[in-house]
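In what follows, a structure is listed as C-alpha coordinates, so that the remarks can point back to it.
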Amino acid sequence: AQSVTQPDIHITVSEGASLELRCNYSYGATPYLFWYVQSPGQGLQLLLKYFSGDTLVQGIKGFEAEFKRSQSSFNLRKPSVHWSDAAEYFCAVAIYGQNFVFGPGTRLSVLP
Amino acid sequence: DAGITQSPRHKVTETGTPVTLRCHQTENHRYMYWYRQDPGHGLRLIHYSYGVKDTDKGEVSDGYSVSRSKTEDFLLTLESATSSQTSVYFCAISESREQYFGPGTRLTVT
(Lines give C-alpha, C1' and ligand atoms only; values in the text may rest on other atoms or scores of the structure.)
Protein backbone atom coordinates (compact mmCIF):
# COMPACT_ATOMS: atom_id res chain seq x y z
CA ALA A 1 0.00 0.00 0.00
CA GLN A 2 1.10 3.51 -0.66
CA SER A 3 2.54 5.40 2.28
CA VAL A 4 4.05 8.73 3.17
CA THR A 5 6.85 9.06 5.70
CA GLN A 6 8.13 12.13 7.43
CA PRO A 7 11.23 10.97 9.31
CA ASP A 8 11.39 13.93 11.69
CA ILE A 9 8.68 14.09 14.32
CA HIS A 10 9.93 17.36 15.77
CA ILE A 11 12.47 19.91 14.52
CA THR A 12 13.74 23.00 16.32
CA VAL A 13 15.48 25.80 14.45
CA SER A 14 16.52 29.31 15.34
CA GLU A 15 14.74 32.24 13.78
CA GLY A 16 16.55 33.26 10.61
CA ALA A 17 18.03 29.82 10.04
CA SER A 18 17.24 27.71 7.01
CA LEU A 19 14.79 24.84 7.16
CA GLU A 20 14.32 21.54 5.38
CA LEU A 21 11.52 19.12 6.19
CA ARG A 22 11.75 15.68 4.67
CA CYS A 23 9.03 13.68 2.97
CA ASN A 24 9.25 10.32 1.23
CA TYR A 25 6.51 8.35 -0.44
CA SER A 26 6.23 4.78 -1.63
CA TYR A 27 4.47 4.32 -4.91
CA GLY A 28 5.52 3.10 -8.34
CA ALA A 29 4.24 6.03 -10.31
CA THR A 30 4.65 9.73 -9.67
CA PRO A 31 1.82 10.90 -7.47
CA TYR A 32 0.49 14.38 -6.99
CA LEU A 33 2.39 15.87 -4.04
CA PHE A 34 1.40 18.44 -1.45
CA TRP A 35 2.60 20.20 1.66
CA TYR A 36 0.15 21.53 4.23
CA VAL A 37 0.69 23.58 7.37
CA GLN A 38 -1.42 23.47 10.51
CA SER A 39 -1.23 26.08 13.23
CA PRO A 40 -2.45 25.05 16.69
CA GLY A 41 -6.22 24.70 16.84
CA GLN A 42 -6.60 25.36 13.13
CA GLY A 43 -7.35 23.38 10.02
CA LEU A 44 -4.78 22.57 7.38
CA GLN A 45 -3.68 25.16 4.84
CA LEU A 46 -2.18 24.24 1.48
CA LEU A 47 1.40 25.52 1.15
CA LEU A 48 2.28 24.19 -2.27
CA LYS A 49 1.69 21.36 -4.71
CA TYR A 50 3.46 19.44 -7.46
CA PHE A 51 1.59 17.88 -10.33
CA SER A 52 4.14 17.83 -13.16
CA GLY A 53 6.79 19.93 -14.89
CA ASP A 54 9.45 21.89 -13.05
CA THR A 55 10.54 19.85 -10.06
CA LEU A 56 11.13 22.93 -7.89
CA VAL A 57 7.84 24.47 -6.87
CA GLN A 58 7.18 27.69 -5.05
CA GLY A 59 4.48 28.09 -2.48
CA ILE A 60 3.05 30.62 -0.11
CA LYS A 61 4.87 32.18 2.85
CA GLY A 62 8.27 31.84 1.15
CA PHE A 63 8.30 28.04 1.08
CA GLU A 64 9.52 25.87 -1.76
CA ALA A 65 9.75 22.14 -2.34
CA GLU A 66 11.75 19.95 -4.66
CA PHE A 67 10.51 16.71 -6.18
CA LYS A 68 13.22 14.10 -6.69
CA ARG A 69 11.89 11.09 -8.56
CA SER A 70 15.00 8.97 -7.96
CA GLN A 71 14.63 9.38 -4.20
CA SER A 72 10.81 9.37 -4.06
CA SER A 73 11.12 12.54 -2.05
CA PHE A 74 9.40 15.90 -1.87
CA ASN A 75 11.28 17.95 0.70
CA LEU A 76 10.07 21.33 1.91
CA ARG A 77 12.51 24.20 2.34
CA LYS A 78 12.64 27.77 3.51
CA PRO A 79 15.82 29.88 3.46
CA SER A 80 15.04 31.93 6.56
CA VAL A 81 12.52 30.83 9.16
CA HIS A 82 10.27 33.31 10.98
CA TRP A 83 8.81 32.76 14.43
CA SER A 84 5.35 32.62 12.83
CA ASP A 85 6.38 29.48 10.92
CA ALA A 86 6.13 27.43 14.10
CA ALA A 87 3.42 24.88 13.29
CA GLU A 88 2.93 21.32 12.19
CA TYR A 89 3.68 20.40 8.60
CA PHE A 90 2.12 17.55 6.68
CA CYS A 91 3.21 16.01 3.42
CA ALA A 92 0.48 14.34 1.36
CA VAL A 93 0.11 12.47 -1.90
CA ALA A 94 -2.85 11.91 -4.18
CA ILE A 95 -2.62 8.74 -6.20
CA TYR A 96 -5.95 7.34 -7.26
CA GLY A 97 -8.07 10.15 -8.51
CA GLN A 98 -8.98 12.26 -5.54
CA ASN A 99 -7.74 9.96 -2.74
CA PHE A 100 -5.15 11.53 -0.48
CA VAL A 101 -2.67 9.93 1.91
CA PHE A 102 -1.01 12.03 4.60
CA GLY A 103 2.27 11.64 6.42
CA PRO A 104 2.35 11.70 10.24
CA GLY A 105 3.52 15.29 10.37
CA THR A 106 6.59 17.21 11.54
CA ARG A 107 6.25 19.73 14.33
CA LEU A 108 8.43 22.79 13.87
CA SER A 109 9.54 24.89 16.82
CA VAL A 110 11.33 28.21 16.27
CA LEU A 111 13.76 29.64 18.84
CA PRO A 112 14.00 33.43 19.14
CA ASP B 1 -10.50 30.75 2.48
CA ALA B 2 -12.69 28.00 1.10
CA GLY B 3 -16.26 28.14 2.38
CA ILE B 4 -16.25 25.13 4.67
CA THR B 5 -17.91 25.03 8.06
CA GLN B 6 -18.14 22.25 10.58
CA SER B 7 -20.63 21.87 13.38
CA PRO B 8 -20.41 21.49 16.24
CA ARG B 9 -16.86 22.72 16.84
CA HIS B 10 -16.63 20.99 20.18
CA LYS B 11 -18.63 18.13 21.64
CA VAL B 12 -18.43 15.95 24.72
CA THR B 13 -20.54 12.83 24.71
CA GLU B 14 -20.87 9.59 26.60
CA THR B 15 -19.90 6.14 25.45
CA GLY B 16 -22.71 4.43 23.58
CA THR B 17 -24.53 7.55 22.43
CA PRO B 18 -24.99 8.43 18.75
CA VAL B 19 -23.19 11.49 17.42
CA THR B 20 -23.54 13.32 14.11
CA LEU B 21 -21.03 15.82 12.80
CA ARG B 22 -21.91 18.12 9.94
CA CYS B 23 -19.77 19.55 7.19
CA HIS B 24 -21.17 22.29 4.99
CA GLN B 25 -19.56 23.81 1.89
CA THR B 26 -20.46 26.77 -0.26
CA GLU B 27 -18.00 25.93 -3.07
CA ASN B 28 -20.11 23.35 -4.94
CA HIS B 29 -17.13 20.97 -4.98
CA ARG B 30 -17.85 17.40 -5.97
CA TYR B 31 -15.56 15.63 -3.50
CA MET B 32 -15.93 15.75 0.28
CA TYR B 33 -13.95 13.90 2.92
CA TRP B 34 -13.96 13.12 6.61
CA TYR B 35 -10.64 12.62 8.39
CA ARG B 36 -9.66 12.07 11.96
CA GLN B 37 -6.45 13.47 13.38
CA ASP B 38 -4.63 11.79 16.22
CA PRO B 39 -1.10 12.45 17.52
CA GLY B 40 1.50 10.50 15.58
CA HIS B 41 -0.93 9.43 12.87
CA GLY B 42 -1.40 12.56 10.82
CA LEU B 43 -4.78 12.56 9.12
CA ARG B 44 -6.53 9.30 8.40
CA LEU B 45 -9.39 9.05 5.97
CA ILE B 46 -12.68 7.82 7.39
CA HIS B 47 -15.07 8.16 4.45
CA TYR B 48 -15.31 10.25 1.34
CA SER B 49 -17.95 11.23 -1.16
CA TYR B 50 -17.68 11.78 -4.88
CA GLY B 51 -21.19 13.07 -5.39
CA VAL B 52 -24.68 13.15 -3.93
CA LYS B 53 -25.46 9.72 -2.49
CA ASP B 54 -22.06 8.43 -3.66
CA THR B 55 -19.75 7.54 -0.80
CA ASP B 56 -16.94 5.12 -0.10
CA LYS B 57 -14.91 3.88 2.84
CA GLY B 58 -11.50 5.09 3.81
CA GLU B 59 -8.72 3.67 5.92
CA VAL B 60 -10.49 3.83 9.30
CA SER B 61 -14.21 3.52 8.52
CA ASP B 62 -15.23 0.98 11.20
CA GLY B 63 -17.76 2.51 13.59
CA TYR B 64 -18.59 5.41 11.27
CA SER B 65 -21.22 6.02 8.63
CA VAL B 66 -21.78 8.96 6.30
CA SER B 67 -24.51 10.47 4.21
CA ARG B 68 -24.64 13.05 1.48
CA SER B 69 -28.13 14.02 0.36
CA LYS B 70 -27.11 17.43 -0.95
CA THR B 71 -23.95 18.64 -2.65
CA GLU B 72 -23.22 21.08 0.14
CA ASP B 73 -23.63 18.79 3.16
CA PHE B 74 -21.68 15.73 4.27
CA LEU B 75 -22.66 14.13 7.57
CA LEU B 76 -20.52 11.82 9.68
CA THR B 77 -22.33 9.61 12.20
CA LEU B 78 -20.93 7.62 15.05
CA GLU B 79 -23.74 5.14 15.71
CA SER B 80 -22.50 4.27 19.19
CA ALA B 81 -19.56 6.38 20.28
CA THR B 82 -16.56 4.73 21.93
CA SER B 83 -13.61 6.25 23.77
CA SER B 84 -11.33 5.30 20.86
CA GLN B 85 -13.28 7.75 18.73
CA THR B 86 -12.11 10.68 20.82
CA SER B 87 -10.30 12.73 18.22
CA VAL B 88 -10.30 15.87 16.13
CA TYR B 89 -12.38 15.44 13.00
CA PHE B 90 -11.71 17.41 9.85
CA CYS B 91 -13.86 17.79 6.81
CA ALA B 92 -12.25 18.58 3.48
CA ILE B 93 -13.47 19.39 -0.01
CA SER B 94 -11.66 18.88 -3.26
CA GLU B 95 -11.78 19.77 -6.90
CA SER B 96 -8.90 19.22 -9.30
CA ARG B 97 -6.87 17.43 -6.65
CA GLU B 98 -6.57 20.39 -4.28
CA GLN B 99 -8.03 19.80 -0.86
CA TYR B 100 -9.33 22.52 1.42
CA PHE B 101 -10.04 21.87 5.06
CA GLY B 102 -12.62 22.97 7.55
CA PRO B 103 -11.73 24.22 11.03
CA GLY B 104 -12.26 20.85 12.72
CA THR B 105 -14.50 19.38 15.41
CA ARG B 106 -13.01 18.27 18.70
CA LEU B 107 -14.96 15.26 19.95
CA THR B 108 -14.47 13.79 23.40
CA VAL B 109 -16.14 10.51 24.31
CA THR B 110 -16.21 9.89 28.06
Side-chain angles (χ1 to χ4, degrees), chain A residues 1-10 21-27 29-53 57 59-61 74 76 87-108, chain B residues 1-10 21 23-25 27 29-51 54-61 68 74 87-108:
Chain A
Q2 60 271 17
S3 65
V4 178
T5 56
Q6 294 178 245
D8 304 304
I9 296 173
H10 183 206
L21 302 182
R22 297 181 290 164
C23 172
N24 294 92
Y25 63 90
S26 64
Y27 185 62
T30 299
Y32 300 93
L33 298 159
F34 308 84
W35 274 100
Y36 288 86
V37 61
Q38 183 182 31
S39 298
Q42 304 295 313
L44 278 72
Q45 181 183 20
L46 180 65
L47 278 177
L48 47 77
K49 61 185 184 289
Y50 173 79
F51 287 178
S52 65
V57 295
I60 62 172
K61 305 185 180 189
F74 188 56
L76 182 71
E88 190 148 21
Y89 292 80
F90 294 93
C91 181
V93 305
I95 298 171
Y96 301 114
Q98 301 277 343
N99 290 343
F100 295 77
V101 176
F102 285 79
T106 297
R107 184 162 61 93
L108 174 66
Chain B
D1 289 343
I4 311 169
T5 57
Q6 293 184 231
S7 58
R9 294 292 315 278
H10 301 270
L21 309 183
C23 177
H24 179 79
Q25 63 152 327
E27 306 296 319
H29 283 357
R30 178 182 174 193
Y31 293 88
M32 299 186 75
Y33 307 79
W34 277 107
Y35 293 91
R36 60 178 289 171
Q37 184 178 31
D38 305 288
H41 291 277
L43 275 77
R44 292 181 291 175
L45 181 65
I46 304 171
H47 282 278
Y48 67 98
S49 169
Y50 45 96
D54 292 323
T55 65
D56 206 348
K57 296 178 179 180
E59 176 189 0
V60 291
S61 59
R68 191 169 179 199
F74 192 33
S87 187
V88 180
Y89 292 85
F90 286 98
C91 173
I93 64 175
S94 173
E95 201 74 46
S96 302
R97 295 187 179 87
E98 289 193 22
Q99 276 195 326
Y100 300 94
F101 285 83
T105 294
R106 182 173 295 276
L107 176 67
T108 301

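If you're wondering where the values come from, they're calculated on a predicted model, not measured in any experiment. Per chain, numbering begins at 1; letters A, B, ... match sequence-line order.
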Task: side-chain hydrogen bond (donor to acceptor under 3.5 Å, both in side chains) partners of A/Lys61, counting only residues at least two apart - done: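 By the side-chain hydrogen bond (donor to acceptor under 3.5 Å, both in side chains) rule, A/Lys61 matches A/Gln45.
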
Open item on the list: According to side-chain hydrogen bond (donor to acceptor under 3.5 Å, both in side chains), who are the partners of B/Arg36, at least two apart in sequence or on a separate chain?
Closed with: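 B/Arg36 satisfies side-chain hydrogen bond (donor to acceptor under 3.5 Å, both in side chains) with B/Asp38, B/Tyr64 once adjacent residues are dropped.
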
Open item on the list: Out of B/Gln37, B/His41, B/Glu59, return the one with the most heavy atom pairs under 4.5 angstrom to chain A.
Closed with: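 Going by pairs under 4.5 Å, I would pick B/Gln37.
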
- [ ] Determine the minimum heavy-atom distance between A/Pro104 and B/Gly40, stating which atoms define it.
- [x] CB-O, 3.7 Å

- [ ] Please look at A/Gln6 and chain B and tell me whether the side chain, the backbone, both or neither of the residue comes under 4.5 angstrom of a heavy atom of that chain.
- [x]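 A/Gln6 has no heavy atom closer than 4.5 Å to chain B.
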
- [ ] Can you tell which part of A/Leu46 gets under 4.5 Å to a heavy atom of chain B, answering side chain, backbone, both or neither?
- [x] side chain

Task: Residue B/Arg44 excluded, over 12 heavy atoms near CZ under 6.0 Å - done: yes

Task: Nearest-0.5 Å distance, OH of residue B/Tyr33 to CZ of residue A/Phe100 - done: 4.5 Å

Task: Validation row, ring centre B/Phe101 to ring centre A/Tyr36 under 6.0 Å - done: yes

